[in-house]
Enquirer: 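Sharing a structure below in structure tokens format, with a few things to ask.
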Amino acid sequence: DPRKTLGREELVRRIIDYVAGAQSTIRAQIRAMGSSCDWSRERYTMDAALSRCVTAVFSRMFRDGLIYRGPRIVNWDPALQTTVSDDEIDHVEREAKFYTMRYGPFLVGTSRPETKLGDTAVAVHPEDPRWQAYIGQTIAVPWPKGPTITVKVVADAEFVDPETGTGALGVTPGHSQVDFEIARKHSLPLIQVIGEDGRMTEAAGPYAGMTVLECREAFVRDLQEAGLMARIETYTQPISICHRSKQPIEPLPKAQWFIDVNKPAVPWRGKLLSLKQVMKSVVESGEIRIVPDHEEKKYYHWIDNLRDWCISRQIWWGHRIPAWYRGPEEFYVGHRPPQGEGWVQDPDTLDTWFSSALWTWSTLVDPKRAADPQLDLKQILAASPDFQRFHPTSVMETGWDILFFWVARMILMTTYVTGQVPFRVVYLHGMVLDKDGEKMSKTKPETSIDPLDVIREDGADPLRLAMVLSSSAGRDTRLSKEQITACKRLVNKIWNAAKLVERSLAAAPATEGTPAQAVHPVNRWMLMRLKTLITTANNRLSGYAFNDAAEHIRASFWGEFCDFYLEAIKLESLKQLGETAAVLQHAFDCYLRLFHPFIPFVTEQVWQELRRPGYLIRAAWPEIEAAHDWPAEVEGVDAVVRLLTEIRRIRSEKEIPPNAKVDVLIQPRQHAPIFAACREIISRLARTTEPVIENAPQSSATALRNAVVAVDAAFTVAVSLSQADLAVERTRLARQLETEQQRLARLEQKLKDERFLQQARPEFIQSTKAEAAKIGATIASLRERLDSLA
RNA sequence: GGGCGAUUAGCUCAGAUGGUUAGAGCGCCUGCCUUACAAGCAGGAGGCCAGUGGUUCAAGUCCACUAUCGCCCACCA
């Protein structure tokens, strides 16, 4: 026990040393992750200014009657020798014995016979006919080897269910939460038979000095010998264990400091509310939004079940309770001890969440003002520029596991102290789990990953991106090696694309005009795709769907920019257009800006190497350009992309050697000028000879005899083959015809349906009609080709 | 006992305000070292969206119930 060997001062000194080391580790991790923090405003809850806030709040709550000291059943951890809060307790189930013993005229059940030595009452239901005669009596119960206890028989309809157990409940006010409540209600005495050391007290008579388990064994044996044990059964017992020590909690009566959550003492929006009511009201009213929504329900449920908050801890590290005593009578609460000799400070410290609960504003107080003993809290806040400017916080980001510990307590404290909400939005991220689905935790180092290790191995960018991509609000995520590897590939892709962009820009003529003046359909298409992307990314980001935003950016960059646009502009004639250089630069700039929050290091490096102005981290987020408005080019080039896929598919299926060029005949049904403008692109990307584009179908069926044909809504394309397998093609086209006919049938059915025509949105009916017409045209082409193959 | 969530491709997961043929990464199959990138490129296979009912012109998406799994809370007679 370091408290015994070191003493208070030395222990605290060592903890301070430990904290210094931990702080520098955490700082290094945050920096290595690329978090952009204002390091000049780094704060620690034990800083002088923050400590001043802690004692000031304590004093004020005490004055307002919201903090009181009183005996309560607390969750005592005999292993750690301290109380723990309700929220620091885990519930586990285990096999245990359940004892039913004779108890005067009653049979009472318990899983903890040793506590019965401290019983002061038996509670029964007031309408239970079995016990009517005894209600109100006081009965002496002599235990076989002592002591003799006197129990009062009380009737209670609230706590006693006549159907449960024997219908008679032995009341142990000193060692049971409920029994303590019953005792308070019926003014029963309290006998403490278990001490803080986990051993029986003098009140336990002959059992004094035994541990709880020793006493249980001995007492049960004595009861059995005396014939007082009716039965012993085995059952599954829910028990409370301390989250930190994993040892069973011993409920004990102790004088502790509490915050009263039910007393109406907080002026809020014109009413006097309890802390509970304020906490509930600010979320219900929408002043605070919790993301994801369903966490709000858990928050309400927690508040509904909330009891007074025990804030004192019997540990030495933390903010010491600002209460001083002199003798048994004198008592003072304040930041400093009162004048005079002999004042002793309360040895207990405050629950760590007490100071953390002040975080959104205690970090913003001006340290100089906080050091001025003349000022009270209100004056300190009024004179703190950061508080005036930055409070409330816009978005509070933390894990869902501390919604109750921290978020709820910040709401409680901040509304009470400042009259403001602490933040507008709470974004709760999920837990990062290890590969076995275990939550990573400080107390379980074997489950934890040190970001510095991952960063050394794979880099900070892939780690960040993997974490963002694999998690949505409130949902846990397993951090996998595969995810990080996939992200590494994206980062690498950006780097390689940058090399190509740099080379292309160096080889291109000077950029001409603005992107908005671009004419070539491929350039216009790129700008339109970007515009759609920025719009989507903005929507997703403002909806806190960070993973979704990142995914859209990734898909557009890789699938549209790299796979199509960069390939397309390798074509000399396109590359040499002055507008292309302008569009290329603009587009790549946009992607870098969009990627930067997710991939800060590589994008910044690329930005510098391309000699873009200033720092990317300070560059503006891309704008949605209203002038970029060419819907026809988007549809047309999309059709060209599909055309490329069709030709490549035919090549692949027919096993045409990659370097062999094929002859193609294209019959556009729409966007003919765009197909024409993309002639060279088609030729290059699909490896064809000069494509023949027929605006009006001229080629006879026989000319297409040795060809494979693909039919799309926007075009029909024929790829010449020396030996086309007509049977295979017929089968494929017939299958396509069938699916297209089914789709058309579905749409036509809809369009015939009166209810659809009356009730669907007009725009949707329009687009359904347009779709049906397109499919109709596709079907006509398919039939034509099938006929010619017949 | 009370509350909250999950169930979508072989695996890990996205699918905002209901809308026409449901997506990604990894894995798998085929072919390519094409002068940014083989950590890549091109093509492909693979899903009655857990089940049943309902609301709706229209359901992976909304509602009810069921099944399975997970988490949180709970006054351990």
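Throughout, a chain's letter reflects where its sequence line sits, starting with A, and its residues are numbered from 1.
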Enquirer: Given side chains that start at C-beta, do those of Leu465(A) and Phe595(A) come closer than 4.5 Å, heavy atoms only?
Expert: no

Enquirer: Distance check: side-chain N/O of Trp558(A) vs OP1/OP2 of C41(B), anything under 4.0 Å?
Expert: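 Yes, Trp558(A) has a side-chain N/O under 4.0 Å of OP1/OP2 on C41(B).
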
Enquirer: Could you tell me how far G3(B) sits from A9(B) if I compare only their P atoms? Round to whole Å.
Expert: 30 Å

Enquirer: I'd like to check Ser176(A) versus Thr115(A) (side-chain heavy atoms, cut-off strictly below 4.5 Å). Are they in contact?
Expert: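 With C-beta onward as the side chain, the pair stays apart.
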
Enquirer: Take atom P in C62(B) and the same atom in G5(B), then report the distance between them in whole Å.
Expert: 11 Å

Enquirer: So what does Lys297(A) hit on the nucleic acid, given a heavy-atom distance under 4.0 Å: a base, only sugar-phosphate, or nothing?
Expert: sugar-phosphate

Enquirer: Ignoring backbone atoms, test whether Arg489(A) places a side-chain nitrogen or oxygen under 4.0 Å from the OP1 or OP2 oxygen of C26(B).
Expert: yes

Enquirer: Ring-plane angle category for Phe588(A) and Phe561(A), please: parallel below 30°, perpendicular beyond 60°, tilted otherwise.
Expert: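 Answer is parallel, since the angle falls under 30°.
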
Enquirer: Quick check: on RNA chain B, is the nucleotide nearest Glu551(A) upstream (toward 5') of the one nearest Arg540(A), or the reverse? Name the residue that is more 5'.
Expert: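 First, find each residue's nearest nucleotide; the 5'-ward one identifies Arg540(A).
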
Enquirer: May I have the distance from Leu566(A) (atom CG) to C41(B) (atom P), rounded to whole angstrom?
Expert: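 In whole Å, C41(B) P and Leu566(A) CG are 11 Å from each other.
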
Enquirer: Look at all strands and tell whether Asp476(A) reaches a base, only sugar-phosphate, or nothing, counting heavy atoms closer than 4.0 Å.
Expert: nothing

Enquirer: When the C1' atoms of G46(B) and G23(B) are considered, how many whole Å apart are they?
Expert: 13 Å

Enquirer: Answer with base, sugar-phosphate or nothing: what part of the nucleic acid does Arg651(A) contact at a heavy-atom distance below 4.0 Å?
Expert: nothing

Enquirer: What are the two closest heavy atoms between Arg651(A) and Pro657(A), and how far apart are they?
Expert: NH2-O, 3.0 Å

Enquirer: What contact category does Cys562(A) fall into here, base, sugar-phosphate, or nothing, at under 4.0 angstrom with non-hydrogen atoms?
Expert: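 If one applies the 4.0 Å heavy-atom cut-off, Cys562(A) turns out to touch a base.
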
Enquirer: Could you work out the separation of C48(B) and C11(B) based on their P atoms and round it to a whole Å?
Expert: 13 Å

Enquirer: Return the value, rounded to whole Å, for the distance between atom OH of Tyr427(A) and atom P of A16(B).
Expert: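 So the OH-P distance, Tyr427(A) to A16(B), works out to 15 Å.
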
Enquirer: Check whether any side-chain heavy atom of Lys280(A) lies under 4.5 Å from a side-chain heavy atom of Asp304(A), and answer yes or no.
Expert: yes

Enquirer: How close or far is atom P of C32(B) from atom CG of Asn659(A), stated in whole angstroms?
Expert: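 Rounded to the whole Å, the gap is 10 Å.
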
Enquirer: Does Arg746(A) reach a base, just sugar-phosphate, or nothing at all? Heavy atoms under 4.0 Å.
Expert: sugar-phosphate

Enquirer: May I ask you to test the Ile402(A)-Val407(A) pair for a side-chain heavy-atom distance under 4.5 Å?
Expert: no

Enquirer: Considering only atom P, compute the distance from G44(B) to G25(B) and round it to an integer number of Å.
Expert: 14 Å

Enquirer: Applying side chain to side chain contact (heavy atoms under 4.5 Å, CB included), run through Asp128(A) and Val160(A) and close with a yes or a no.
Expert: CA-CA 10 Å; Asp128(A) 193 329; Val160(A) 181; over 6 Å; no

Enquirer: Write down the distance between CG (Asp304(A)) and P (G2(B)), rounded to a whole number of angstrom.
Expert: 16 Å

Enquirer: Sticking with atom C1', work out how far G53(B) lies from A67(B), rounded to a whole angstrom.
Expert: 15 Å

Enquirer: Output one letter per nucleotide in nucleotides 68-77 of chain B: B when a protein non-hydrogen atom lies under 4.0 Å from the base, S when only the sugar-phosphate is that close, - when neither is.
Expert: ---SS-BBBB

Enquirer: Could you please spell out the steps behind the salt bridge (charged side-chain N to carboxylate O under 4.0 Å, His left out) verdict for Arg735(A) and Glu738(A)?
Expert: CA-CA 5 Å; Arg735(A) 203 182 304 133; Glu738(A) 198 181 330; over 6 Å; no

Enquirer: Can you check the Leu584(A) CG to A36(B) P distance for me, whole Å?
Expert: 13 Å

Enquirer: It should be established whether Lys493(A) places a side-chain nitrogen or oxygen under 4.0 Å from OP1 or OP2 of nucleotide C41(B).
Expert: yes

Enquirer: Taking all heavy atoms of Asp179(A) and all of Thr172(A), pick out the closest pair and write down the distance.
Expert: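 Residues Asp179(A) and Thr172(A), closest heavy atoms: OD2-N, 2.7 Å.
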
Enquirer: Is there side-chain contact between Trp495(A) and Glu609(A), with heavy atoms separated by less than 4.5 Å?
Expert: yes

Enquirer: Is Arg554(A) paired with Glu551(A) through a side-chain N to carboxylate O contact shorter than 4.0 Å?
Expert: yes

Enquirer: Assign Glu567(A) to base, sugar-phosphate, or nothing according to its heavy-atom contacts below 4.0 angstrom with the strands shown.
Expert: base

Enquirer: Counting any heavy atom closer than 4.0 Å, what does Ala760(A) reach on the DNA or RNA strands: base, sugar-phosphate only, or nothing?
Expert: base

Enquirer: As a test of your reading of the structure, name each stem of RNA chain B as range with range, where a stem is three or more consecutive Watson-Crick or G-U pairs at under 3.5 Å.
Expert: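 If one scans RNA chain B for consecutive Watson-Crick or G-U pairs, the stems found are B:1-7 with B:67-73, B:10-13 with B:23-26, B:28-32 with B:40-44, B:50-54 with B:62-66.
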
Enquirer: Please examine the side chains of Leu490(A) and Phe557(A), heavy atoms only from C-beta on, and report whether any two atoms are closer than 4.5 Å.
Expert: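 Yes. Closest side-chain heavy atoms under 4.5 Å.
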
Enquirer: Think Arg649(A) has a side-chain N or O under 4.0 angstrom from the OP1 or OP2 of G43(B)?
Expert: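 Checking Arg649(A) against G43(B): no side-chain N or O falls below 4.0 Å of OP1 or OP2.
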
Enquirer: Can you tell me how far C1' in C71(B) sits from the matching atom in A58(B), rounded to whole Å?
Expert: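 C71(B) and A58(B) have their C1' atoms separated by 36 Å.
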
Enquirer: Find which nucleotide of RNA chain B each of Ser767(A) and His294(A) is nearest to by heavy atoms, and output the residue with the more 5' nucleotide.
Expert: His294(A)

Enquirer: Could you tell me how far apart Asn492(A) (CG) and A39(B) (P) are, to the nearest whole angstrom?
Expert: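 Value for this atom pair: 9 Å.
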
Enquirer: Which value, in whole Å, describes the distance between the C1' atoms of nucleotides U8(B) and C49(B)?
Expert: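 Each nucleotide's C1' atom is 4 Å from the other's.
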
Enquirer: Just how far, in rounded Å, is P of A58(B) from CD of Gln749(A)?
Expert: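 My rounded result for the distance is 12 Å.
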
